[in-house]
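Quick note on labels: first sequence line is chain A, next is B, and so on, each numbered from 1.
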There are 2 protein chains.
Amino acid sequence: MAFVNATADILSPRGHAAKRISILEAAIEVFFREGYSGANIDMIAAEAGVSRQTIYNHHGDKEKLFVSVVRALTERINAGIFATLATFPDDPVDLRGELVDFAVRLNSNCISNSDGKHLRKLIEAEGRRYPELFAAWREDGPGKTWAALAARLARLAHGGHLELDDPDVAARQFLALINAELHVSMVLGDRVDEQRVVSSATNAVTTFLRAYRKRPPGA
Amino acid sequence: MAFVNATADILSPRGHAAKRISILEAAIEVFFREGYSGANIDMIAAEAGVSRQTIYNHHGDKEKLFVSVVRALTERINAGIFATLATFPDDPVDLRGELVDFAVRLNSNCISNSDGKHLRKLIEAEGRRYPELFAAWREDGPGKTWAALAARLARLAHGGHLELDDPDVAARQFLALINAELHVSMVLGDRVDEQRVVSSATNAVTTFLRAYRKRPPGA
DNA sequence: AATTTTTTAGACAGAGTTGTCCAAAAGGTC
DNA sequence: GACCTTTTGGACAACTCTGTCTAAAAAATT
């Protein structure tokens with residue numbers, strides 16, 4: 001029975017579903033490298049170790065495959081971001097050190113890792129061609145993560161560690177500062193080593209705290 | 001005489017040279033919209049109001065045309081950035097207000113204008129395919145403009161208006177903060193109205209000055 | 001082991017693209 | 001007006017890509 005079979009595939013990825021995954025991974029890589037127009041199904045088939053027909057069986061056509069790629073990336077990245085946000089310092093002993101550590105985690109696990117690079121490029125390259133798809137990304141991605149980070153910062157302010165006019169603005173600035181020194185390298189695909197991530201995060205947190213750390217009332 | 005003719009064309013853009021320019025403008029638009037692979041010569045010819053053969057006469061082939069497009073954009077943008085940098089406050093009466101004005105000018109004239117959007121997308125999409133071309137951009141673009149902005153900030157520090165550890169870091173952070181609230185909109189091609197540019201610049205300068213403004217020694 | 005599902009390789013038509021060629025037309029120069 | 005250069009439109013071969021179709025092989029299920 002085809003139906004029962006398909007259900008089993010979703011639950012335990014072997015055989016049929018294993019191919020689906022390897023097709024998706026290969027498609028991410030090829031769309032990233034070549035862009036939507038430049039990518040062709042044969043490249044993806046070769047990279048996935050699968051015949052062309054199998055791709056059409058699984059995903060219908062090139063455009064549907066592309067949509068699946070974007071959805072898969074968005075889900076994975078969002079999961080990663082929320083997992084990392086859960087490690088945001090709650091009631092810090094060493095505010096500066098803990099913020100730097102958090103910034104480094106956020107950067108290396110979510111923003112400058114391979115999923116992050118892949119999705120960012122697909123959005124920049126094809127966002128205008130698929131408005132509804134990327135509008136969804138925008139709400140689920142930047143929209144939610146900004147709000148979640150703003151809530152965390154607001155809590156620090158409430159706990160007397162920070163002094164914020166507008167947590168949303170502060171959240172966006174925090175993210176912008178974290179990437180200030182890495183942006184160009186990431187766009188051109190240079191290797192971003194851990195050391196530079198740390199130094200960028202350190203500089204970012206230093207500036208952020210100079211602007212937003214609560215100062216003793218008397219001094 | 002062909003040679004004399006060509007020279008005249010370069011000096012006064014009419015006839016021959018006028019076509020060259022309209023081809024270049026059309027190519028910018030089409031490469032931006034469709035990407036390198038997705039763009040085709042017939043689209044560019046139609047948009048330029050020119051026959052396909054004329055494009056081949058002027059630019060050789062698709063790849064050479066693309067290189068010309070990137071060079072033209074880079075030159076224009078650099079000229080704009082340096083012109084704007086010349087308006088950086090030298091000995092400010094109202095530091096905050098003048099920095100906000102400068103940030104707004106930099107953003108609307110250089111970063112979020114159409115050349116800026118076009119070049120940014122071409123770099124993101126095709127940078128890895130033309131390493132030497134984009135390495136040149138990187139040195140002429142971010143490299144020089146960062147250094148120039150850093151020098152301006154250092155002068156403000158020397159004049160007693162700011163307190164900087166590292167002018168280079170401060171310059172990159174200043175640029176990052178200016179775009180903190182506009183980045184996503186620009187990537188997806190939304191209309192960025194003047195009001196949001198101003199509000200983003202205001203927030204950026206507020207934070208920047210909280211971190212870097214020289215404080216009276218006693219307080 | 002028999003049966004059903006999935007995968008494969010290859011061929012294929014249809015469409016699109018690049019870059020060249022050519023003869024006629026248009027434009028500019030002396 | 002005669003001459004030279006540039007532009008044009010159209011035709012063209014070579015190539016690439018998508019998506020379909022087939023029959024045979026492989027894999028999974030019962």
Side-chain angles (χ1 to χ4, degrees), chain A residues 1-27 29-31 33-69 125-126 129-130, chain B residues 1-27 30-31 33-69 126 129-130:
Chain A
M1 264 181 280
F3 179 69
V4 171
N5 206 325
T7 305
D9 277 341
I10 289 166
L11 296 176
S12 74
R14 58 183 58 183
H16 191 65
K19 304 246 178 217
R20 175 174 237 105
I21 291 170
S22 77
I23 291 169
L24 227 45
E25 293 304 317
E29 182 61 41
V30 174
F31 280 133
R33 215 172 49 221
E34 313 285 342
Y36 181 81
S37 308
N40 73 35
I41 304 289
D42 289 318
M43 283 180 194
I44 297 174
E47 191 136 336
V50 147
S51 78
R52 179 176 46 233
Q53 186 60 46
T54 300
I55 294 183
Y56 285 102
N57 289 343
H58 278 272
H59 291 97
D61 64 15
K62 190 180 177 181
E63 187 166 324
K64 292 205 188 77
L65 174 59
F66 181 71
V67 171
S68 301
V69 159
E126 317 292 344
R129 205 189 303 279
Y130 300 89
Chain B
M1 262 180 284
F3 178 68
V4 172
N5 206 324
T7 305
D9 277 340
I10 290 167
L11 297 177
S12 74
R14 57 183 58 180
H16 190 66
K19 303 246 177 216
R20 174 174 238 104
I21 290 169
S22 78
I23 291 169
L24 226 44
E25 293 305 317
V30 175
F31 280 133
R33 216 171 48 223
E34 313 284 343
Y36 181 81
S37 309
N40 74 36
I41 304 290
D42 289 317
M43 284 181 191
I44 297 173
E47 190 137 336
V50 146
S51 78
R52 180 179 42 234
Q53 185 61 45
T54 301
I55 294 183
Y56 283 104
N57 289 343
H58 277 273
H59 291 96
D61 65 15
K62 190 180 178 182
E63 187 166 323
K64 291 204 189 79
L65 173 60
F66 180 72
V67 170
S68 300
V69 160
E126 316 293 345
R129 204 190 304 279
Y130 299 90

J.: Nearest-Å distance, CD1 (I55(B)) to P (dT18(C))?
T.: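 Roughly 10 Å, once rounded to whole Å.
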J.: Find out whether V30(A) and R33(A) are in side-chain contact, i.e. whether some heavy atom of one side chain is under 4.5 Å from a heavy atom of the other.
T.: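 Yes, close enough: below the 4.5 Å cut-off.
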J.: Anything under 30° is parallel, anything over 60° is perpendicular, the rest tilted; go ahead and classify F31(B) against Y36(B).
T.: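 The arrangement is parallel - the two ring planes meet at less than 30°.
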J.: Taking only side-chain N and O atoms of N40(A), does any of them lie within less than 4.0 angstrom of OP1 or OP2 on dC17(D)?
T.: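 Checking N40(A) against dC17(D): at least one side-chain N or O falls below 4.0 Å of OP1 or OP2.
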J.: Indicate whether OP1 or OP2 belonging to dT7(D) is found under 4.0 Å from a side-chain N or O atom of H58(B).
T.: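 Answer yes for this pair, as a side-chain N or O of H58(B) is under 4.0 Å from OP1 or OP2.
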J.: Taking 4.0 Å as the cut-off, does a side-chain nitrogen or oxygen of T54(B) come that near to OP1 or OP2 on dT6(D)?
T.: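 So the side chain of T54(B) is outside the cut-off, no N or O lying under 4.0 Å from OP1 or OP2 of dT6(D).
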J.: Which listed nucleotide (dT8(C), dT20(C), dT8(D)) is nearest to the side chain of V50(B)?
T.: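 Closest nucleotide among those given: dT8(D).
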J.: In whole angstrom, what separates Q53(B)'s CD from dT5(D)'s C1'?
T.: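 Going from Q53(B) (CD) to dT5(D) (C1'), I get 14 Å.
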J.: Show the numbers, then the answer: is there a side-chain contact (heavy atoms from CB on, under 4.5 Å) between E34(A) and R129(B)?
T.: CA-CA 9 Å; E34(A) 313 285 342; R129(B) 204 190 304 279; 3.6 Å; yes
J.: Of I41(A) and S51(B), whose closest DNA chain D nucleotide lies nearer the 5' terminus?
T.: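 Its nearest nucleotide lies further toward 5', so the answer is S51(B).
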J.: Quick one: M43(B) CE to dG16(C) P, roughly how many Å, whole number?
T.: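 For the pair M43(B) CE and dG16(C) P, the rounded distance is 11 Å.
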J.: Can you check the R20(B) CZ to dT6(D) P distance for me, whole Å?
T.: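 That distance rounds to 11 Å.
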J.: How long is the line joining CZ of F31(A) and P of dT18(D), in whole Å?
T.: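 Whole-Å distance recorded here is 9 Å.
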J.: Would one find a side-chain N or O of K19(B) under 4.0 angstrom from OP1 or OP2 of dA26(C)?
T.: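 K19(B) to dA26(C) OP1/OP2: no side-chain N or O under 4.0 Å.
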J.: Under 4.0 angstrom, heavy atoms only, what part of the nucleic acid is A45(A) near: base, sugar-phosphate, or nothing?
T.: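 No contact at all - A45(A) keeps every heavy atom at 4.0 Å or more from the nucleic acid.
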